[in-house]
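These notes concern the structure reproduced below.
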Amino acid sequence: MAAVHIIGGGLAGSEAAWQAANLGVPVVLHEMRPTVPTAVHQTDRLAELVCSNSFRGDKLDNAVGLLKEEMRRLDSLVMRVADRVRVPAGAALAVDRHEFAKGVTAAITEHPGITVDRGEISTIPAPAPGDVWIIATGPLTSASLSQDIARFVGRDHLAFFDAISPIVLAETIDMSKVFRQSRWDRSLGPNAGGDGDYLNCPLTKDAYEAFHAAIVAAEKAEAHDFDNTKFFEGCLPIEVMAHRGVNTLRFGPMKGSGLTDPRTGRWPYAVVQLRQDTLAGDHFSLVGFQTQLKWGEQARVLKMIPGLEQAEFVRFGMIHRNTYINGPTVLRDTWQTRARADLFFAGQVSGVEGYVESASSGLIAGRNAARLALGLEPLAPPRTTAIGALAHYVSHADPAHYQPTNITFGIMPPLDKPPKSRQERAAATSARALDDLAAWSGAPQPVQS
């Protein structure tokens with residue numbers, strides 16, 4: 001019987017395997033770890049989260065919240081596990097990274113239709129009757145396969161640097177100097193209506209300016225090709241933002257708006273937010289604090305933050321190089337390659353950015369690979385859906401200026417009669433998307449508050 005082979009057991013690859021297997025097609029998921037390690041992975045589990053533990057907003061008033069809801073209605077494994085192991089994160093969805101990877105790994109390895117093959121695929125397999133392939137190797141594709149992908153697409157990869165936030169041990173935080181609150185008091189999940197989901201470390205003007213000066217003066221870790229490779233604008237290291245101006249951080253990840261310090265009754269001049277990283281609440285990550293500072297410098301500078309003077313860091317921030325293909329020159333909106341109908345790309349290597357976006361591309365690629373194996377035509381979701389708009393962007397954007405993107409309402413077709421208020425436009429766009437998704441897929445429509 002025809003089979004679907006997937007290279008890469010990250011979010012996209014795991015989701016693709018789940019979707020294809022649930023359509024009755026045998027799946028082989030090839031994952032090189034632990035035989036071949038990467039610079040940032042720490043375990044051999046599938047769908048290991050190496051950056052943040054946040055899947056970002058989880059309400060229908062933003063595009064990524066809509067994308068999550070679409071995925072839930074399409075029986076996404078990633079969303080099923082994420083919802084089960086979510087941790088308090090205000091109006092966002094964040095997960096216990098260890099329980100999340102364990103949950104996805106268990107679901108995949110226990111599925112009777114999926115075989116996990118631990119070993120490296122170093123070249124793109126040649127076409128073979130009955131076999132369909134999905135490359136979902138993520139931004140950390142091995143050097144040998146990366147070279148073969150470049151040969152296949154006929155050009156060098158595009159690339160950007162990505163950075164990872166530090167994680168601190170909860171018991172070493174000085175709770176007398178921080179306060180608990182979600183921004184604008186927006187909380188979902190078990191803490192809704194409570195004290196809030198984030199620990200907030202407030203800084204005065206003098207403390208902030210001293211902290212900014214320390215970041216600017218701190219020594220950075222070296223990165224190969226640093227001068228020739230850009231950072232993703234949605235995930236800039238704090239030192240890159242600090243060099244852009246003294247107030248850039250204060251109006252970025254350190255903004256105090258919507259947070260009231262109970263000791264002053266006012267918004268802080270600046271603030272560092274800590275988000276729970278595990279279900280047990282023993283680890284907290286620094287929100288938006290991606291960094292490439294040397295570890296010794298991180299230990300020194302980050303302990304200038306009120307409440308973290310005696311902090312013990314479970315993980316320091318680090319930097320890694322993300323490579324991706326120029327999607328519009330390579331891909332169709334079904335996630336198939338233009339040159340080979342039996343070859344798909346999905347995940348960050350395809351040119352999307354973000355956990356949810358990566359998993360959603362794997363969802364559609366997995367379904368379409370299974371359809372192809374069954375002798376059916378692959379299908380592209382409607383552009384009016386978030387999951388369809390993302391596929392259209394990756395396959396139709398301007399290749400001369402192509403950059404990875406998160407899902408936004410801006411890449412979706414405008415409404416015929418848009419309401420005047422932003423909130424009403426978002427609600428109407430989401431309602432249209434879910435109606436069109438149901439018509440396209442026959443997906444059920446649970447009530448979403």
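When reading the values below, keep in mind they use all heavy atoms of this one structure, side chains included, and skip hydrogens, waters and symmetry mates.
Inter-residue side-chain proximity for Arg183 and Tyr198 is flagged as unmet; no heavy-atom pair is nearer than 4.5 Å. Side-chain contact between Met304 and Glu309 is absent, with no heavy atoms from C-beta onward closer than 4.5 Å. A heavy-atom distance below 4.5 Å is not found between the side chains of Val153 and Asn326. Residues Ile6 and His30 are not in side-chain contact: their nearest non-hydrogen atoms beyond the backbone lie 4.5 Å or more apart. In this structure the side chain of Phe152 reaches within 4.5 angstrom of the side chain of Thr337, judged on heavy atoms. With contacts defined as side-chain heavy-atom distances shorter than 4.5 Å, the pair Leu145/Ser122 does not qualify. Residues Met254 and Val271 form no side-chain contact, since every pair of their non-hydrogen atoms from C-beta on lies 4.5 Å or further apart. Using a 4.5 Å heavy-atom threshold, the side chains of Ile325 and Phe345 count as touching.
With Ile215 as reference, Ile238 is the one residue of Val240, Leu302, Ile238 to meet the side chain to side chain contact (heavy atoms under 4.5 Å, CB included) rule. For the pairing with Ile387, the side chain to side chain contact (heavy atoms under 4.5 Å, CB included) check across Leu66, Val356, Leu67 returns one residue only, Leu67. Considering Leu169, Asp277, Thr278 in turn, Leu169 is the only one that fulfils the side chain to side chain contact (heavy atoms under 4.5 Å, CB included) rule with Val314.
The main-chain N or O of Val287 is never found under 3.5 Å from a side-chain atom of Ser285 such that the two would form a donor-acceptor pair. A donor-acceptor pair under 3.5 Å links the side-chain atoms of Ser361 to the main chain of Gly347, judged by distance alone. Judged by distance alone, the side chain of Trp295 and the main-chain N or O of Gly317 form a donor-acceptor pair under 3.5 Å. For the pair Arg97 (side chain) and Leu49 (backbone), a donor-acceptor distance under 3.5 Å is present. With Asn53 contributing its side chain and Val95 its backbone, the two residues share a donor-acceptor pair below 3.5 Å. Under a 3.5 Å cut-off, the side chain of Arg33 and the backbone N or O of Arg45 do form a donor-acceptor pair. Side-chain atoms of Arg263 come within 3.5 Å of backbone N or O of Lys177 as a donor-acceptor pair. Although no hydrogens or angles enter the test, the distance criterion places a donor-acceptor pair under 3.5 Å between the side chain of Tyr402 and the main chain of Gly351. No donor-acceptor distance shorter than 3.5 angstrom exists from the side chain of Glu15 to the backbone of Ala359, with no hydrogens or angles considered. Judged by distance alone, the side chain of Arg315 and the main-chain N or O of Ser165 form a donor-acceptor pair under 3.5 Å.
By the 4.0 Å N-to-carboxylate-O rule, Arg186 lies too far from Asp197 to be salt-bridged with it. Ionic pairing of Arg383 and Asp333 is not present here: no N-O contact between side-chain nitrogen and carboxylate oxygen is shorter than 4.0 angstrom. Ionic pairing of Lys220 and Glu297 is not present here: no N-O contact between side-chain nitrogen and carboxylate oxygen is shorter than 4.0 angstrom. Ion pair Lys294/Glu219 flagged as a salt bridge, since at least one NZ, NE, NH1 or NH2 atom sits closer than 4.0 Å to an Asp/Glu carboxylate oxygen. Ion pair Glu424/Lys420 not flagged as a salt bridge, since none of the NZ, NE, NH1 or NH2 atoms sits closer than 4.0 Å to an Asp/Glu carboxylate oxygen. Under 4.0 Å is where a charged nitrogen must lie from a carboxylate oxygen, and between Asp58 and Arg86 at least one such pair does. Salt-bridge formation is not detected for the pair Asp261/Arg266: no Lys NZ or Arg NE/NH1/NH2 atom is positioned less than 4.0 Å from an Asp or Glu carboxylate oxygen. Using a 4.0 Å cut-off between a side-chain N of Lys or Arg and a carboxylate O of Asp or Glu, Arg72 and Glu69 qualify as a salt bridge. Note on Arg84 versus Glu99: no salt bridge recorded, every NZ/NE/NH1/NH2 to OD/OE distance being 4.0 Å or above. One finds no salt bridge joining Asp83 and Lys68 here, because no Lys/Arg side-chain nitrogen approaches an Asp/Glu carboxylate oxygen to under 4.0 Å.
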Apply side-chain contact (heavy atoms from CB on, under 4.5 Å) to residues Thr109 and Ile114 and explain how you reach the verdict.
CA-CA 7 Å; Thr109 55; Ile114 302 174; over 6 Å; no
Could you go through Ser430 and Phe409, starting from their C-alpha distance and side-chain angles, then the distance that decides it, and tell me whether this counts as side-chain contact (heavy atoms from CB on, under 4.5 Å)?
CA-CA 9 Å; Ser430 293; Phe409 285 133; 3.8 Å; yes
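Residue Arg422 places its CZ atom among 12 or fewer non-hydrogen atoms of other residues, nucleotides or ligands, all under 6.0 Å distant. Other residues, nucleotides and ligands contribute at most 12 non-hydrogen atoms within 6.0 Å of the NZ atom of Lys102.
In this structure, SG on Cys201 lies 4.5 Å from CG on Leu308, to the nearest 0.5 angstrom. Here the straight-line distance linking atom CZ of Phe344 with atom OG of Ser350 works out to 12.5 Å at 0.5 Å rounding. With rounding to the nearest 0.5 angstrom, the CG atom of Leu236 is 10.5 Å from the CD atom of Gln292. Atom-to-atom distance recorded for Phe284:CZ and Leu274:CG is 7.0 Å, nearest 0.5 angstrom. Of the inter-residue distances, the one linking Ile407 atom CD1 with Ser360 atom OG reads 7.5 Å to the nearest 0.5 angstrom. Note that CG of Leu11 and CD of Glu357 are 11.0 Å apart. Values are rounded to the nearest 0.5 Å.
Taking the six-membered ring for Trp and the full ring otherwise, the centers of Phe313 and Phe316 sit less than 6.0 Å from each other.
For Asp174 and Ser176, the side-chain atoms include at least one donor-acceptor pair closer than 3.5 Å. Counted by atom type alone, Glu353 and Thr405 present zero donor-acceptor pairs between their side chains at under 3.5 Å. Between the side chains of Asp436 and Thr384, at least one donor N or O lies within less than 3.5 Å of an accepting N or O. Between the side chains of Ser421 and Gln423, not a single donor N or O lies within less than 3.5 Å of an accepting N or O. Arg432 and Thr385 share no side-chain donor-acceptor pair at under 3.5 Å. Donor-acceptor pairing under 3.5 Å is recorded for the side chains of Glu48 and Thr43. There is no side-chain donor-acceptor pair under 3.5 Å between Thr260 and Gln181. In summary, the side chains of Glu120 and Ser142 do present a donor paired with an acceptor at a separation below 3.5 Å, with no hydrogens or angles considered.
Under the ring-ring contact (aromatic ring centres under 6.0 Å, His included) criterion, His396 pairs with His392, not counting sequence neighbours. Scored by the ring-ring contact (aromatic ring centres under 6.0 Å, His included) test, Tyr355 finds Phe55 as partners (sequence neighbours excluded).
Of all heavy-atom pairs between Phe100 and Val78, the closest is CE1-O, 3.6 Å. Contact detail for Ala311 and Thr172: the closest heavy-atom pair is CA-OG1, 3.4 Å. Closest non-hydrogen pair, Ala389 versus Met412, comes out as CB-CG, 3.6 Å. When every heavy atom of Ala94 is checked against every heavy atom of Arg275, the shortest pair comes out as CB-CD, 3.8 Å. Smallest separation of non-hydrogen atoms from Gly13 and Leu29: O-CD1, 4.0 Å. Closest approach of Val85 to Leu279, counting heavy atoms only: O-CD2, 3.8 Å.
Cation-pi geometry between Arg250 and Tyr269 is met: the NZ or CZ atom falls under 6.0 Å from the ring centre, inside 45° of the normal.
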